[in-house]
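To start, the structure under review is shown below, and the notes come after it.
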Amino acid sequence: MSEQPRNSSAPTLFTWEFASDPYPAYAWLREHAPVHRTTLPSGVDAWLVTRYADARKALADPRLSKNPQRHSAAAHAKGKVGIPGERRAELMTHLLNIDPPDHTRLRRLVSKAFTPRRVAAFAPRVRTLTDQLIDAFEERGEADLIHEFAFPLPIYAICDLLGVPREDQDDFRDWAGAMIRHGGGPRGGVARAVKRIRAYLGELIHRKRLELAGRGEEDGEDLISGLIRASDHGEHLTENEAAAMAFILLFAGFETTVNLIGNGVYALLRHPEQRALMQRAVEEGDERLLPAGVEELLRYDGPVEIATWRFAIEPLTLAGQHIAEGEPVLVVLAAADRDPERFAEPDVLDLARRDNQHLGYGHGIHYCLGAPLARLEAQTAIATLLRRLPGLRLALDPDDLRWRGGLIMRGLRTLPVTWDSADG
């Protein structure tokens, strides 16, 4: 890779201390090395992009490919780039790993599941799931909001959307839990969970194809049935593509929302004045603050710290740094969304912030397809928690909380909370 001047005061990245609060390090990088070459914990060399303007440009730059085969090194073949185990499980052909025209074709098929009408129709199911989860722990007066609430809610929701039968959804919860528990640690645990999910999806696709045979067009409204129907009607969707699409929607659709809810509730508990504003809006039925508040929580401490991998398909220059063909580029969303050149008082949580075009769900053709569903789930989850448990508070000192150490996602391992049981 090309050389970059080094500064002795450059922060140390990717330690456990960094994971707890990466924002001071990102502030240093924005000022001194906005496009910064580093060696990742996996041993892969990559460029980190930290300023908002550069990040927005990079996210939409067609010279930065999503295809890992564009990587100049052999690291991608060793499982060091992307989701552990996805290559061996033949799950590579999904929206996070492909470019147009295949990306355009597959996104068009899947986008039908995330139209405003479909998401709005899903709202009652999300409200029911949210209430059921709170019902299970409200009398105890304490809970771990990650494992008992923020984690199962999007798992069950995305399983419903995909068409996973209710009797199988607890298995999915276990597999997804293994992926989260091992994130940032030994990659073998994630790969084993990916292998189990792949085997199940292959069986489910086969079963649904048999069930759809001879049925009318309106049968099988779930997403997997829709993918099968599109394939059978000439869209050239292979079984591996269908399985890969279902897999990435599960993977991306649950972990981002787990972290959005967990990080968001934690931020509100750490900022009592902002939490009081949200609490009052919920109690008074004022629906204006909730959507804006969730957008600010996305900007302030969002669920995706670093956008997924990109690779230069030709030499290019970004913020004065020469990037050679085949070199990986990682856009640091968490740093861009705290850029003082773009956001006034970026380190302040302001739920009423108006000018808030954050990059929390990306930008360009790879903008997160499931963002409308994630926003619905987060708004429903936070509003219901505040309404039903108004005395919610942290059960331990914030310094005792631990953050998961993965590269892409940012989220708490646990979030122990308590409240007076009479609140419920």
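Numbers here simply count residues along the sequence, with the first being 1.
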Across all chains, not counting sequence neighbours, the ring-ring contact (aromatic ring centres under 6.0 Å, His included) partners of Tyr156 are none
Parallel, tilted or perpendicular: which one describes the rings of Phe18 and Phe14, with boundaries at 30° and 60°? perpendicular
query = Would Asp301 and Arg270 count as a salt bridge (charged side-chain N to carboxylate O under 4.0 Å, His left out) if you check the C-alpha gap in whole Å, the side-chain angles of each, and the deciding distance to 0.1 Å?
reply = CA-CA 12 Å; Asp301 198 9; Arg270 295 293 307 278; over 6 Å; no
In short, Leu401 meets Pro416 closest at the heavy-atom pair CD2-CD, 3.7 Å
Between Ile313 and Ser65 the two heavy atoms that sit nearest each other are CG2-CB, 3.4 Å
inquiry  = Can you confirm whether Val265 sits close enough to Leu385 that some side-chain heavy atom of one is under 4.5 Å from a side-chain heavy atom of the other?
reply    = yes
To the nearest 0.5 Å, atom CG of Leu201 lies from atom CZ of Arg196 at 14.0 Å
Check your understanding: Do Leu394 and Tyr266 touch side chain to side chain, with heavy atoms closer than 4.5 Å?
Key -> yes
In short, Ala25 meets Leu13 closest at the heavy-atom pair CB-CD2, 4.0 Å
Of all heavy-atom pairs linking Leu129 and Ala157, the shortest is CD1-N, 3.9 Å
Taking the six-membered ring for Trp, are Phe137 and Trp419 closer than 6.0 Å centroid to centroid? yes
Note to self: Strictly distance-based, threshold 3.5 Å: is any side-chain N or O of Thr130 a donor or acceptor partner for the main-chain N or O of Val126?
What the structure shows: yes
Value for NE2 (His366) from CG (Leu64), rounded to nearest 0.5 Å, stands at 10.0 Å
### Message
Looking at Leu407, is its backbone amide N or carbonyl O close enough to the side chain of Glu305 to form a donor-acceptor pair, meaning the two atoms are under 3.5 Å apart?
### Response
no
Discussion item. I want to check something: taking the side chain as every heavy atom from C-beta on, are Arg410 and Val304 in contact at a cut-off of under 4.5 Å?
Written reply: no
Ile365 and Pro100 have their tightest heavy-atom pair at CD1-CG, 3.6 Å
Residues at least two apart in sequence or cross-chain that pass ring-ring contact (aromatic ring centres under 6.0 Å, His included) with Phe122, listed by chain then number, are none
Counting only N and O atoms by type, is there a donor-acceptor contact under 3.5 Å from the side chain of Thr38 to the main-chain atoms of Leu40?
no
_Contact check, side chains of Glu295 and Gln357, non-hydrogen atoms, under 4.5 Å_ = no
_Are more than 12 heavy atoms, taken from residues, nucleotides or ligands other than Glu167, located less than 6.0 Å from that residue's CD atom?_
yes
Looking only at atom types and distance, does a side-chain atom of Asp337 sit under 3.5 Å from a main-chain N or O of Leu359, one as donor and one as acceptor?
yes
### side chain to side chain contact (heavy atoms under 4.5 Å, CB included) between Arg375 and Val119, worked out
CA-CA 10 Å; Arg375 287 180 166 111; Val119 171; over 6 Å; no
>> In the structure I gave you, are the side-chain heavy atoms of Asp54 and Gln321 within less than 4.5 Å of one another anywhere?
In response: no
- Message: Apply ring-ring contact (aromatic ring centres under 6.0 Å, His included) to residues His271 and Tyr300 and explain how you reach the verdict.
- Response: CA-CA 12 Å; His271 295 82; Tyr300 180 77; 5.4 Å; yes
Output for pair (Leu297 CG, Asn263 CG), nearest 0.5 Å, gives 9.0 Å
Just do the side chain to side chain contact (heavy atoms under 4.5 Å, CB included) check on Phe343 and Val348 with the steps written out, would you? CA-CA 10 Å; Phe343 299 100; Val348 173; over 6 Å; no
Residues passing the side chain to side chain contact (heavy atoms under 4.5 Å, CB included) test with Pro116, sequence neighbours excluded, are none
Donor-acceptor pair, distance only, cut-off 3.5 Å: does the side chain of Glu327 make one with the backbone of Ala324?
yes
Under-4.0 Å salt bridge between Arg51 and Glu341: no
>> Would you say CD of Glu287 has more than 12 non-hydrogen atoms from neighbouring residues, nucleotides or ligands within 6.0 angstrom?
In response: no
Value for CG (Asn259) from CG (Leu412), rounded to nearest 0.5 Å, stands at 8.0 Å
Applied to residues 151-163, the salt bridge (Lys or Arg N to Asp or Glu O under 4.0 Å) test, sequence neighbours excluded, yields Arg125-Asp160, Asp160-Arg166
Report task. Apply the test side chain to side chain contact (heavy atoms under 4.5 Å, CB included) to residues Lys57 and Val49: give CA-CA distance (whole Å), side-chain angles for both, the deciding distance (0.1 Å), then the verdict. Result -> CA-CA 10 Å; Lys57 178 180 178 183; Val49 180; over 6 Å; no
Could you walk me through whether Arg275 and Gln279 pass side-chain hydrogen bond (donor to acceptor under 3.5 Å, both in side chains), step by step?
-> CA-CA 6 Å; Arg275 181 259 185 83; Gln279 187 99 41; 3.0 Å; yes
Q. Short question: side chain of Glu142, backbone of Ala395 - any donor-acceptor pair under 3.5 Å?
A. no
Between Pro390 and Arg387, the two heavy atoms sitting closest are CD-O, 3.8 Å
Note to self: Test ring-ring contact (aromatic ring centres under 6.0 Å, His included) on Tyr200 and Phe172; report intermediate values, then the result.
What the structure shows: CA-CA 9 Å; Tyr200 175 83; Phe172 258 80; 5.1 Å; yes
One thing to verify: whether Glu377 and Arg127 come together as a salt bridge, which I'm taking to mean a side-chain N less than 4.0 angstrom from a carboxylate O. no
Mind running side chain to side chain contact (heavy atoms under 4.5 Å, CB included) on Leu351 and Met278 for me, showing each step along the way? CA-CA 8 Å; Leu351 298 182; Met278 182 74 83; 3.9 Å; yes
Asp144 meets the side chain to side chain contact (heavy atoms under 4.5 Å, CB included) criterion, sequence neighbours left out, with Ile146, His147, Glu148, Thr414, Leu415
*asked:* Whether the side chain of Thr50 engages the backbone of Pro34 through a donor-acceptor N/O pair (distance < 3.5 Å, no angle test) should be reported.
replied: yes
So CD1 of Ile205 and NZ of Lys208: to nearest 0.5 Å the spacing works out to 10.0 Å
Do Tyr361 and Leu260 touch side chain to side chain, with heavy atoms closer than 4.5 Å? yes
Query raised in the report: So, do Leu145 and Leu392 sit near enough that their side-chain heavy atoms are less than 4.5 Å apart?
Result: yes
**Asked** Is Arg310 reaching over with its side chain to a backbone N or O of Ala307, donor-acceptor style, under 3.5 angstrom?
**Response** no
Residues 344-358 vs salt bridge (Lys or Arg N to Asp or Glu O under 4.0 Å), sequence neighbours excluded, gives Glu296-Arg353, Arg338-Asp347, Arg342-Asp355
So NE2 of His36 and OH of Tyr26: to nearest 0.5 Å the spacing works out to 10.5 Å
Do Arg173 and Cys159 have side chains that get closer than 4.5 Å, going by heavy atoms? no
